[in-house]
Amino acid sequence: MKKYILLSVLSTLTILLSYSCNSTKDSSSYKSNSQKPTNIILMIGDGMSTPQVYAAMLTSENTTSFERFPITGLVKTYSKSHKITDSAAGGTAIATGHKTNNGMIGMNSDSIPVPSILETLSEKGMKTGVIATSYITHATPASFVAKNINRNNYEEIAMDFAKSDKVDLLIGGGKKHFTERKDGINLIKKMTSEGWNYYDTLINTDVNEDKIMILASDGHLPSYPSRGEFLPDATVLALENLSKSKSGFFLMVEGSQIDFAAHDSDSTYLVNEMHDFDNTINKVLDFAEKDGNTLVIVTADHETGGLTMIDPNGSYTETSFKFSTGSHSPLLVPIFAFGPGSENFSGIMDNTDIIKTILKTL
Ligand SMILES: [Zn+2]
């Protein structure tokens, strides 16, 4: 009997102890950050799951930006039509909170246009921007501004960008979709006549202007390092411009070519693109740390390449990385959060929960 009582006291103590340990862990970070964020920066590594993140860690001389985030979670990426999503349905789920069919941009699976978080926050008076190293009309950036049944209708998507009164800053490639069009319309001329300030390089851009479009390439930007520090520099430029807004801003930054590298099963290209994205995240975190009112979310639309690492026989290099597919995989992708409201992004969530959770923090 005594033994029984002792055992039951011990087990109660164990339960109490483990409960108090868990609750300490749960409330450990971001007590000080329970205020609402003023600015939202959403960064999407196209094709970036944990193997890509770990590839960056294994080949980086410094601690990566990913290790600066206090909150991490995992995200399910399947689309309405497929277990393995493409960037159109993945981007649309993140941008609008709706699962849709592969190939569709900014529409639900019934082909009904749905508002993106960029549009919703613009209506609240926030400044908005989109940056990519691909065509600006490519699936992920397009999901935040355009509505189209087919991601390949680039000229129609460019027209949506030109017509949007919700986006204030655009930086990327894909100039040809604005100027070499079947309808003969020069969208850059149309946009500049309607108040946009157009540049074809980051240099000489007046960051004080209101509406800025920088299309630095006819097609996609060159790969890293050929394009130089385009992505971190564009992001710093955008932050300088958008942070002048008194009512806050929303910025989406895409590391577009992580996906391209993995489709090519090119480890060196992949690692270079990851290091460029990592460097860009560091710039964003430096801004957010100083600002104190900025929520930073880093995630991905899907994994590309079915990347894995084999026994390196020494230290890990690009040659230790193996791709199991030339396409996408259904792997969970990570989500990293920093700043006010970041505590809401832990655990396993659906890609459609991301914007719902962002909107709840505001
Ligand atoms: Zn892809």
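Residue numbers start at 1 and run along the sequence shown. Ligands are counted one by one from 1 in listed order, and the atoms in each one are counted from 1 as well.
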Looking only at N, O or S atoms, find the one in [X] nearest to the Zn ion (ligand 1) and name it.
{"X": "His263", "answer": "NE2"}
{"X": "Asp259", "answer": "OD1"}
{"X": "His328", "answer": "NE2"}

Legend entry - the Zn ion (ligand 1) to nearest N/O/S of His302 less than 2.8 Å: no

Inset, instruction - Measure across Gly129 and Leu118 and return the closest heavy-atom pair with its distance rounded to 0.1 Å. - result: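 Closest pair (atom of Gly129, atom of Leu118, distance): O-CD1, 4.2 Å.
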
Inset, instruction - Could you tell me whether Lys189 and Glu194 have a side-chain N and a carboxylate O separated by less than 4.0 Å? - result: no

Inset, instruction - Would you verify whether the NZ or CZ of Lys127 falls within 45 degrees of the ring axis of Phe250 while also being under 6.0 Å from that six-membered ring's centre? - result: no

Legend entry - Non-neighbouring partners of Phe336 that pass ring pair (Phe, Tyr, Trp, His ring centres under 6.0 Å), sequence neighbours left out: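 For Phe336, the residues satisfying ring pair (Phe, Tyr, Trp, His ring centres under 6.0 Å) (neighbours in sequence not counted) are Phe66, Phe69.
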
